Undergrad: 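Before anything else, here's the structure in question.
Please read these numbers as outputs of a predicted model, since none were measured by experiment. Along the sequence shown, the residues carry numbers beginning at 1.
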Amino acid sequence: MSGFVFSEKPIEIAAGDGVHLTDTNGTEYLDFGASYACTPVGHCHPEVVDAATSQLEELMYVQASYPHAARTALYERLAEVAPVDVDKVWLCNSGTEANEAALKFARHATGREKIVATTQGFHGRTMGTLATTWKDKYKEGFGPLAGGVEFVEYGDAEAMREAVDEDTAAVILEPLQGEGGINPVSTEYLQAVRVATATNGAAMILDEIQTGLGRTGSMWAADRHDVVPDVLTTAKGLGSGLPIGATLCRDWIAADAGDHGSTFSGGPVVSAAAGATLDVIEREGLPAHAEEVGDYLRGELRDRLGDDVRDVRGDGLMVGVEVRRGSNRLLRDLAIDHQILALPAGRTVLRLLPPLTVEREHADRVVDAIAEVIG
Ligand SMILES: *Cc1c(COP(=O)(O)O)cnc(C)c1O
């Protein structure tokens with residue numbers, strides 16, 4: 001048997017510690033991709049490892065219809081860090097499931113079908129969320145997907161105002177697009193989406209699966225833009241790499257969400273890991289740190305790369321460098337020649353999503369290496 005969905009890289013990773021990964025030959029890599037933002041507090045943070053291991057030894061699993069201390073504590077922690085009034089929680093196992101639930105809850109609570117999504121948006125790959133994901137290459141040969149989805153230009157407030165009406169169940173969007181190319185939008189735009197949905201009784205679903213947990217310089221990107229959505233989804237880094245997602249909802253959604261469920265919802269081990277991850281993010285002030293190091297990184301990238309790149313953009317430690325040719329070769333050279341792991345976002349954007357614990361010295365190393373591989 002062999003795996004077939006992912007094409008594997010020629011680097012076999014054996015261990016992780018903080019901002020570094022080590023391969024089976026003992027070569028150490030600086031991890032500026034964090035496996036798509038899955039390790040906000042760094043690899044194998046001792047507090048997360050302890051929380052998960054002690055839970056593992058005590059009880060590996062019990063289903064969510066039995067209360068469990070780790071899950072209850074996580075519900076409370078999530079409500080504390082969530083935007084005000086978004087304090088009802090549904091736990092699942094991934095990002096796509098968190099969004100899938102968000103769309104189902106919104107349809108049920110509004111009794112409407114229409115969903116508005118945005119160009120270049122990415123919300124997952126199950127049949128429901130895939131219908132709200134923009135790029136055709138992810139959909140080819142899988143249709144028919146969930147119906148009732150209409151796309152509008154990301155960042156265009158007027159188009160959003162026109163699309164959202166009294167038949168609209170929800171708008172789903174990222175506050176800063178990740179997979180689509182690290183595409184920022186203005187505070188005015190997000191607030192216009194908030195007004196358009198509220199006016200029409202539709203739910204605003206903010207997908208913070210990549211932007212959340214301190215990455216953009218505040219716990220949620222919503223906080224930076226003074227927007228409180230009806231539903232906020234999170235996953236990726238929430239369990240420091242253990243599979244967990246969450247759909248955070250306001251009362252009006254949670255009170256009429258319909259019949260939903262998932263066997264593994266809020267298992268004790270992932271709940272303990274997620275609780276510890278949130279503790280570390282808050283206690284170590286990682287959102288503010290991400291803002292500080294991220295501003296520094298973008299500044300250095302702009303100074304050093306100048307016109308050799310088209311653009312440097314993003315917030316906090318969610319950084320995109322738009323290059324003038326395909327990014328694949330650059331990523332390979334960064335990994336093989338400089339032991340720096342980064343990610344693509346589309347064909348021409350280098351995406352940097354390091355653990356939020358990186359320091360300026362790591363940023364310097366990455367800037368030097370990018371300058372060299374591009375030069
Ligand atoms: C990764 C991602 C998803 C999907 O998460 P999975 O855990 O891969 O299902 C959804 N939305 C955004 C913004 C993402 O970055």
Side-chain angles (χ1 to χ4, degrees), residues 86 88 90 92 94-136 138-140 142-180 183 185 189-211 221-222 227-235 245-250 252-260:
V86 187
K88 296 290 185 294
W90 156 252
C92 54
S94 65
T96 195
E97 280 175 87
N99 284 335
E100 194 82 29
L103 297 169
K104 284 176 71 177
F105 296 163
R107 274 193 174 161
H108 198 276
T110 59
R112 306 170 181 177
E113 285 179 11
K114 179 171 155 186
I115 290 159
V116 177
T118 60
T119 54
Q120 304 302 332
F122 184 88
H123 303 294
R125 297 171 185 262
T126 48
M127 294 295 224
T129 64
L130 190 53
T132 66
T133 286
W134 169 249
K135 284 185 191 159
D136 283 340
Y138 296 131
K139 306 181 187 177
E140 268 160 26
F142 294 138
L145 307 174
V149 179
E150 184 180 319
F151 285 93
V152 294
E153 187 73 21
Y154 186 61
D156 182 341
E158 199 42 53
M160 186 61 80
R161 277 190 284 267
E162 269 170 37
V164 180
D165 56 23
E166 294 197 337
D167 296 324
T168 306
V171 172
I172 184 166
L173 80 171
E174 295 151 89
L176 163 61
Q177 288 182 334
E179 196 278 338
N183 307 320
V185 279
Y189 173 70
L190 291 170
Q191 291 183 351
V193 177
R194 179 62 285 189
V195 171
T197 44
T199 315
N200 288 284
M204 177 176 179
I205 302 173
L206 209 52
D207 177 345
E208 294 238 25
I209 289 164
Q210 200 163 140
T211 51
V227 168
V228 180
D230 299 293
V231 184
L232 183 153
T233 54
T234 174
T247 308
L248 313 179
C249 305
R250 288 196 199 230
W252 74 272
I253 301 278
D256 189 13
D259 193 324
H260 190 61

Undergrad: Hey, does the side chain of Lys88 reach the backbone of Ala255 with a donor-acceptor pair shorter than 3.5 angstrom?
TA: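 Looks like no, no N/O pair under 3.5 Å.
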Undergrad: For residues 100-109, which residue pairs pass the salt bridge (charged side-chain N to carboxylate O under 4.0 Å, His left out) check, not counting sequence neighbours?
TA: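 Passing the test, one end in residues 100-109: no pairs.
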Undergrad: Look at the side chain of Asn200 and the backbone N and O of Ala202, then say whether any donor-acceptor pair between them is shorter than 3.5 Å.
TA: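 Side chain of Asn200 to backbone of Ala202: no pair is present.
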Undergrad: Before you tell me yes or no, could you show the steps for Met204 and Val227 under side-chain contact (heavy atoms from CB on, under 4.5 Å), namely the whole-Å CA-CA distance, both residues' side-chain angles and the distance that decides it to 0.1 Å?
TA: CA-CA 10 Å; Met204 177 176 179; Val227 168; 3.7 Å; yes
Undergrad: Using the side-chain contact (heavy atoms from CB on, under 4.5 Å) criterion, which residues pair with Ala102? Sequence neighbours excluded.
TA: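 Checked Ala102 against side-chain contact (heavy atoms from CB on, under 4.5 Å); matches are Ile205, Val231, Thr233, Thr247.
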Undergrad: To the nearest 0.5 Å, tell me how far Ile115 CD1 sits from Thr129 OG1.
TA: 10.5 Å
Undergrad: For the residue pair Val116 and Lys114, what are the closest heavy atoms and their distance?
TA: CG2-CE, 3.9 Å
Undergrad: Treating Asp165 as the side-chain partner and Thr168 as the backbone partner, does any N or O pair qualify as donor plus acceptor under 3.5 Å?
TA: yes
Undergrad: Any donor-acceptor pair under 3.5 Å linking the side chain of Gln120 with the backbone of Trp134?
TA: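 Absent.
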Undergrad: For the backbone of Ala203 and the side chain of Arg250, can you confirm whether one donor and one acceptor N or O come within less than 3.5 Å of each other?
TA: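 No; zero donor-acceptor contacts below 3.5 Å.
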Undergrad: Salt bridge (charged side-chain N to carboxylate O under 4.0 Å, His left out) with Arg112: which residues, sequence neighbours excluded?
TA: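 For Arg112 there are no salt bridge (charged side-chain N to carboxylate O under 4.0 Å, His left out) partners, ignoring immediate neighbours.
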Undergrad: Between Asp207 and Pro175, which heavy-atom pair has the shortest distance, and what is it?
TA: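 Closest pair (atom of Asp207, atom of Pro175, distance): O-CD, 3.3 Å.
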Undergrad: Would you say Glu113 has more than 12 foreign heavy atoms packed within less than 6.0 Å of its CD?
TA: no
Undergrad: Could you tell me which residues satisfy side-chain contact (heavy atoms from CB on, under 4.5 Å) with Ala159, sequence neighbours excluded, listed by chain and number?
TA: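 Expected list: Val152, Asp156.
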Undergrad: Quick one: pull up CG in Leu103 and OG1 in Thr132 and give me the separation to the nearest 0.5 Å.
TA: 5.5 Å
Undergrad: Keeping the roles fixed (side chain from Asn99, backbone from His123), state whether a donor-acceptor pair exists under 3.5 Å.
TA: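 At least one qualifying donor-acceptor pair exists.
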Undergrad: Check whether any side-chain N or O of Tyr154 sits under 3.5 Å from a backbone N or O of Glu174 as a donor-acceptor pair, and report yes or no.
TA: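 Pair found, side chain donor or acceptor close to backbone of Glu174.
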Undergrad: Where is the tightest heavy-atom contact between Ala131 and Leu145, given as atom of each residue plus distance?
TA: CB-CB, 3.8 Å
Undergrad: Restricting to ring-ring contact (aromatic ring centres under 6.0 Å, His included), what partner residues turn up for His260, sequence neighbours left out?
TA: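 Per chain and number, His260 pairs via ring-ring contact (aromatic ring centres under 6.0 Å, His included) with Trp90, Phe105.
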Undergrad: Is it the case that atom OH in Tyr138 sees more than 12 heavy atoms from other parts of the structure closer than 6.0 Å?
TA: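 Yes, because the 6.0 Å sphere around OH of Tyr138 holds more than 12 heavy atoms from other groups.
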Undergrad: What's the separation between atom CZ in Phe122 and atom CG in Leu173, rounded to the nearest 0.5 Å?
TA: 15.5 Å
Undergrad: Contact between His108 and Asp256 at the side-chain level, heavy atoms closer than 4.5 Å - yes or no?
TA: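 Yes, side chains in contact.
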Undergrad: Locate the shortest heavy-atom distance separating Thr133 from Phe151; write the atom from each residue and the value.
TA: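 So the minimum-distance heavy-atom pair works out to O-CZ, 3.5 Å.
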Undergrad: May I ask you to decide if Thr119's main-chain N or O and Gln177's side chain share a donor-acceptor pair within less than 3.5 Å?
TA: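 A pair under 3.5 Å: yes.
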Undergrad: Identify the two heavy atoms, one from Ala192 and one from Ala157, that lie closest to each other, and give their separation to 0.1 Å.
TA: CB-CB, 3.9 Å
Undergrad: Under the salt bridge (charged side-chain N to carboxylate O under 4.0 Å, His left out) test, which residues partner Glu179, sequence neighbours left out?
TA: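 For Glu179 the salt bridge (charged side-chain N to carboxylate O under 4.0 Å, His left out) partners, ignoring immediate neighbours, are Lys135.
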Undergrad: Counting only heavy atoms from other residues, nucleotides and ligands, does the tally under 6.0 Å from CD of Glu150 exceed 12?
TA: yes
Undergrad: Is there a donor-acceptor pair under 3.5 Å between the side chain of Arg125 and the backbone N or O of Thr96?
TA: no
